[in-house]
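All values reported here derive from a predicted model rather than from experimental measurement. In the text below, chain A, chain B and the rest are named by the order of the sequence lines, each starting its count at 1.
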Number of protein chains: 2
Amino acid sequence: MDSTALRQLLGGRRLSPAQRRIARYLLEHPQEAAYLGTVDLAERVGVSQASVTRFAFALGFETFPEFRAAVRSLVLTPTTNGPAEELNEIQLLVETEIRNLRSLRDGLADLGPLREAAGALAASQPLPVLGLRVSAPLAHLFGYFAAKAHLDVRVLDCPGSLMEDGLLRAVDAGADWALAFALPRYPREMRDALTFARRVGLRTVLVTDQPINPLTEHADLVLTAPVSSHFAFDSHAASTVLCSALLHAMLAALPKERQASLDAFEAMAAQREVFVAD
Amino acid sequence: MDSTALRQLLGGRRLSPAQRRIARYLLEHPQEAAYLGTVDLAERVGVSQASVTRFAFALGFETFPEFRAAVRSLVLTPTTNGPAEELNEIQLLVETEIRNLRSLRDGLADLGPLREAAGALAASQPLPVLGLRVSAPLAHLFGYFAAKAHLDVRVLDCPGSLMEDGLLRAVDAGADWALAFALPRYPREMRDALTFARRVGLRTVLVTDQPINPLTEHADLVLTAPVSSHFAFDSHAASTVLCSALLHAMLAALPKERQASLDAFEAMAAQREVFVAD
DNA sequence: TCATGTGTGAATGCGTTCATGCATGCTCTG
DNA sequence: CAGAGCATGCATGAACGCATTCACACATGA
């Protein structure tokens with residue numbers, strides 16, 4: 001199924017909000033687009049039936065059935081996609097990442113370690129999150145999401161004394177666990193931070209790429225996500241997903257009212273019109 | 001497409017000659033079977049329209065549309081009905097991401113848009129990189145890597161006037177393109193930033209999750225990476241990989257001596273003992 | 001503040017599709 | 001050869017899908 005052609009078909013014109021929603025739905029459900037009628041389509045998208053016919057017209061078709069016929073010829077192409085096409089260089093890069101994710105998936109068959117880490121982190125308040133250099137963005141991503149349900153997440157991305165200050169203040173405020181991201185390569189400064197954390201009484205969860213590397217011995221719990229370095233820049237899909245998984249497990253480990261506050265947070269954001277409605 | 005299931009559906013009952021002809025036609029044209037009406041189907045097979053409705057009834061369906069719906073669910077099923085192994089919740093999360101990456105991979109069969117974007121960004125000096133809220137970490141990740149080969153990358157993650165200041169300074173210094181990350185949901189402030197960028201003469205590459213959303217119309221080039229939101233926290237594996245792909249393409253678009261400087265950078269880091277040796 | 005244009009949903013009318021009754025032709029049997 | 005049983009095509013009424021109209025909400029600019 002070739003969604004790029006469909007994309008091209010839908011993308012050209014300037015569309016109204018409701019029409020964009022229709023286009024989006026069709027891109028996400030190209031199969032259904034081939035046979036759905038105006039009424040059913042309108043129902044699923046959540047717009048009026050009239051908007052659907054107008055949508056077809058806006059795309060340059062005389063009638064909706066005409067538009068649907070065009071979609072059919074795109075979606076139901078006579079199985080042109082030979083399965084064994086040559087993948088280009090970039091596709092190979094993605095393919096490598098897919099393998100990484102498969103490996104991560106298989107490694108998560110046993111949720112014990114993940115749940116243990118999630119429980120410990122969810123209970124620690126405040127929760128320091130460490131990430132240096134290339135791992136700093138990941139720490140911030142985690143922090144962004146975690147803050148929605150955890151009351152006091154503190155992302156520390158500056159090495160040395162600054163990080164030590166942050167750790168000390170966290171301990172004073174009652175923290176007993178910290179989370180550290182350390183993708184390859186392993187900054188010396190992160191090792192120092194981990195040893196410091198241990199010295200001030202913190203236990204640490206380390207997210208890294210190998211179960212045994214120069215940093216793991218300084219952590220109490222280690223979660224691993226494979227990283228491939230066959231291309232110019234290291235890949236981070238697996239660690240990003242592991243980050244999501246950890247958040248997911250943490251949410252489950254948090255008390256109910258905290259989980260509810262996440263929804264409240266979203267509702268509040270909508271009310272403040274932080275995001276563009278579509 | 002699995003024609004055995006269709007065969008099974010059509011084969012069971014005893015059918016009259018005309019009905020057999022209909023069944024045969026459907027087996028030979030399973031695609032059409034999904035959407036053809038009684039009249040068109042009757043026409044193609046060479047029987048009367050009434051025979052088609054009776055055909056559906058003979059197969060045990062109340063009405064013809066009902067029969068057609070059954071055919072659809074057979075013909076249009078995702079075919080590869082899964083590894084059927086029991087995956088736990090977290091593994092399902094990873095599985096979703098794998099699907100996202102596959103989708104991304106297929107979308108990258110045509111490298112035209114990616115190369116075009118990479119070429120434009122590589123040539124722009126300085127290069128402003130925009131990311132707000134949840135997209136800020138991604139912008140920083142990009143910035144971290146890009147800075148290794150590009151002389152002047154400026155990550156802007158604060159909305160409003162601060163971002164505008166950064167864009168203005170970049171334009172004054174000679175920038176003509178900007179890169180913006182906008183994963184869902186789409187901050188209003190990012191839309192403002194994009195319109196501002198256009199007003200001050202910048203063209204923009206937008207990395208987002210849908211080809212059509214409230215922001216795409218404000219960008220000159222759009223790269224899309226699917227994001228799934230079936231879990232509590234949005235996933236970002238695909239966008240992370242797309243970020244890597246873009247970096248990879250940019251590196252290829254940069255002059256040779258810049259690429260060499262990347263190696264020099266690494267060598268220097270090793271000499272400074274930034275990383276722990278393993 | 002009002003006027004204008006745009007976008008949207010509810011209601012309406014038309015055209016098509018589908019199901020059913022009826023007449024015809026075929027096949028098998030006495 | 002005659003009659004019953006079945007299959008098939010044609011014709012008609014009901015149901016459905018689609019396009020159009022109208023009224024209203026909203027944003028924009030004088």
[X] side chain, from C-beta outward: closest of [options]:
X     : options                : value
A:S51 : D:dG9, D:dG17, C:dT8   : C:dT8
A:P17 : C:dA19, C:dG21, C:dT8  : C:dT8
B:P65 : D:dC18, C:dC18, D:dC10 : C:dC18
A:A50 : C:dG9, D:dG17, C:dG21  : C:dG9

Rounded to whole Å, please give me the gap between [atom1] in [X] and [atom2] in [N].
X     : N      : atom1 : atom2 : answer
B:Y35 : C:dT17 : OH    : P     : 14 Å
A:Q49 : C:dA11 : CD    : P     : 13 Å
A:F61 : D:dC18 : CZ    : P     : 15 Å
B:F55 : D:dA7  : CZ    : P     : 14 Å
A:F57 : C:dT6  : CZ    : P     : 14 Å
A:F67 : D:dG17 : CZ    : C1'   : 16 Å
A:R54 : D:dT20 : CZ    : P     : 11 Å
B:D40 : D:dG17 : CG    : P     : 16 Å

Has B:F196 got more than 12 heavy atoms of other residues, nucleotides or ligands less than 6.0 Å from its CZ?
-> yes
For B:V52, report the nucleic acid contact type (base, sugar-phosphate, nothing); a contact means any heavy atom under 4.0 Å.
-> nothing
Tightest non-hydrogen contact, residues B:R21 and B:V47, listed as NH1-CG1, 4.1 Å
Does A:T63 place a side-chain N or O at less than 4.0 Å from the phosphate oxygens OP1/OP2 of D:dA19?
->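 Checking D:dA19 against A:T63, a side-chain N or O does come within under 4.0 Å of OP1 or OP2.
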Would one find a side-chain N or O of B:T38 under 4.0 angstrom from OP1 or OP2 of C:dC18?
->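 Checking C:dC18 against B:T38, a side-chain N or O does come within under 4.0 Å of OP1 or OP2.
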Which distance, rounded to the nearest 0.5 Å, do you find between the CD1 of B:I98 and the OG of B:S103?
->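 That separation rounds to 13.5 Å.
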Sorted by position of nearest nucleotide on DNA chain D, 5' first, the leading residue of A:F64 and B:R21 is B:R21
Flag the pair B:T208 / B:L215 as yes when at least one side-chain heavy-atom distance between them is below 4.5 Å, and no otherwise.
-> no
Under 30°, 30 to 60°, or over 60°: which ring-plane class applies to A:F61 and A:F67, parallel, tilted or perpendicular?
-> perpendicular
